[in-house]
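Since the structure is predicted, the reported quantities are computational estimates derived from the model, not experimental observations. When a ligand or atom number is given, it counts from 1 through the structure's own listing order.
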Amino acid sequence: MSTTQSNAPTPEKGKTSVLRLDRICLKFGDKRVLNGIDLSVVEGEVVVLIGASGSGKTSLLRCINLLNTPTSGSIVIDDEVLFHRQADGKNGTPIPNQEVNRIRSKTGMVFQQFNLFPHMTALENVMEGPVIVKKEPKEQARQTALKLLDLMGLAQHVEKYPRQLSGGQQQRVAIARAMAMQPKVMLFDEPTSALDPELVGEVMKAMVELAKSGMTMVIVTHELGFAFEVADRVVFLDQGLVAEQGPPSKVLLHPEHPRLKSFVGRFHESADLLRPFLEARQAEKAC
Ligand SMILES: Nc1ncnc2c1ncn2[C@@H]1O[C@H](COP(=O)(O)OP(=O)(O)O)[C@@H](O)[C@H]1O
Ligand SMILES: [Mg+2]
């Protein structure tokens, strides 16, 4: 039997659901992009979203922080219903900007392109949101920013400008900048896909540190080895629906859905050799 969204086990990292999406649908004109996504993420859980190009991964992340407004469905973060629109399209009044900003501040988003402010140091980039948007005292924002940059392995680079940093270092500053706003959940959209291959590992390592620190994370990535390493649960999207989900050792090594089988095919072949090692690693993680 296939592991579907209705019967898949949810790892018991925390008991509290931090993010809950119910029946999220999204249309662009007549084109249906998301077709009723249900997804619940518990505190401290790391969920990796995979799927072919065009399956709706980016659209889903953009719905969570209202960069896309779902056609219908609901979004609950930390037990607060932030968005609800019925399937018949009623209650479709636009959401006031202030409310959108409040909803957006519950999530931190990291994009492919890091877009740091070029005229500010790494430290200033990370302090900017807390000081300007949240009106935090500067010294407090500075201390938090230093801790986050340290967690990202950038303690030596806090006074550098983006042009003095590699792509991998800039992306790690971007992660610290999103974290500085104290989001309930961090969303990553292919955070390593714009990087030179030799810089991918350092960003992944920083994200593993973030996961270990207990952050709740939803990550879109094509790096299946990384997904295996970091995910508590892997969710496979196909044509705007959750087609299969479960622990990485199940979804990546023993996929059931035919399109998931072909999607992970190459990984699967190489993982055959690695399977005893990978499963031992997974068992270690569980202990
Ligand atoms: N702003 C938009 N207007 C119209 N169609 C869009 C828009 N954004 C995304 N799409 C379409 O929605 C589908 C899903 O896209 P996307 O969420 O970017 O997929 P993925 O991130 O999985 O590659 C694609 O067919 C894409 O062309
Ligand atoms: Mg995408």
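E244 contributes atom CD, which lies 9.0 Å from atom NZ of K261 (distance to the nearest 0.5 angstrom). Between K57 atom NZ and S59 atom OG the span is 9.5 Å, to the nearest 0.5 Å. Atom CE in M120 sits 10.0 Å away from atom CZ in R177 (nearest 0.5 Å).
Inclusion of S59 in the first shell of the Mg ion (ligand 2) is not supported: no N, O or S atom falls under 2.8 Å.
The contact set between ligand 1 and S53, taken as ligand atoms under 4.0 Å from a residue heavy atom, comprises 23 (O). Listed by number with element, the atoms of ligand 1 under 4.0 angstrom from any heavy atom of G56 are 14 (C), 17 (O), 19 (O), 20 (P), 22 (O). Atoms of ligand 1 found under 4.0 Å from any heavy atom of S55, numbered from 1 in the order shown, are 19 (O), 22 (O).
Of the polar atoms of F28, none of the N or O atoms is found under 3.5 Å from an N or O of ligand 1, judged by distance alone. An N or O contact shorter than 3.5 Å is missing between V33 and ligand 1 by distance.
Ranking the protein heavy atoms by distance from atom 15 (O) of ligand 1 puts S59 OG, 3.8 Å first. Protein heavy atom nearest atom 22 (O) of ligand 1, with residue, atom name and distance: K57 NZ, 2.7 Å. T58 CB, 3.7 Å is the protein heavy atom nearest to atom 18 (O) of ligand 1.
Look at G54 and you'll find a heavy atom under 4.0 Å from some atom of ligand 1. Judged by the shortest distance from any of its heavy atoms, A52 lies inside the 4.0 Å radius around the atoms of ligand 1.
V242 has its side chain within reach of V235: a pair of non-hydrogen atoms, C-beta onward, lies under 4.5 Å apart. In this structure, the side chains of Q113 and N115 come closer than 4.5 Å at one or more pairs of heavy atoms.
Environment of CZ in R32: sparse, with no more than 12 heavy atoms of neighbouring residues, nucleotides or ligands closer than 6.0 Å. Heavy atoms from other residues, nucleotides or ligands lying under 6.0 Å from CD of Q156 number 12 at most.
Between E80 and R102, at least one side-chain N (NZ, or NE/NH1/NH2) sits under 4.0 Å from a carboxylate O, which counts as a salt bridge.
With a 4.0 Å cut-off on non-hydrogen atoms, K31 touches ligand 1 through its side chain and not its backbone.
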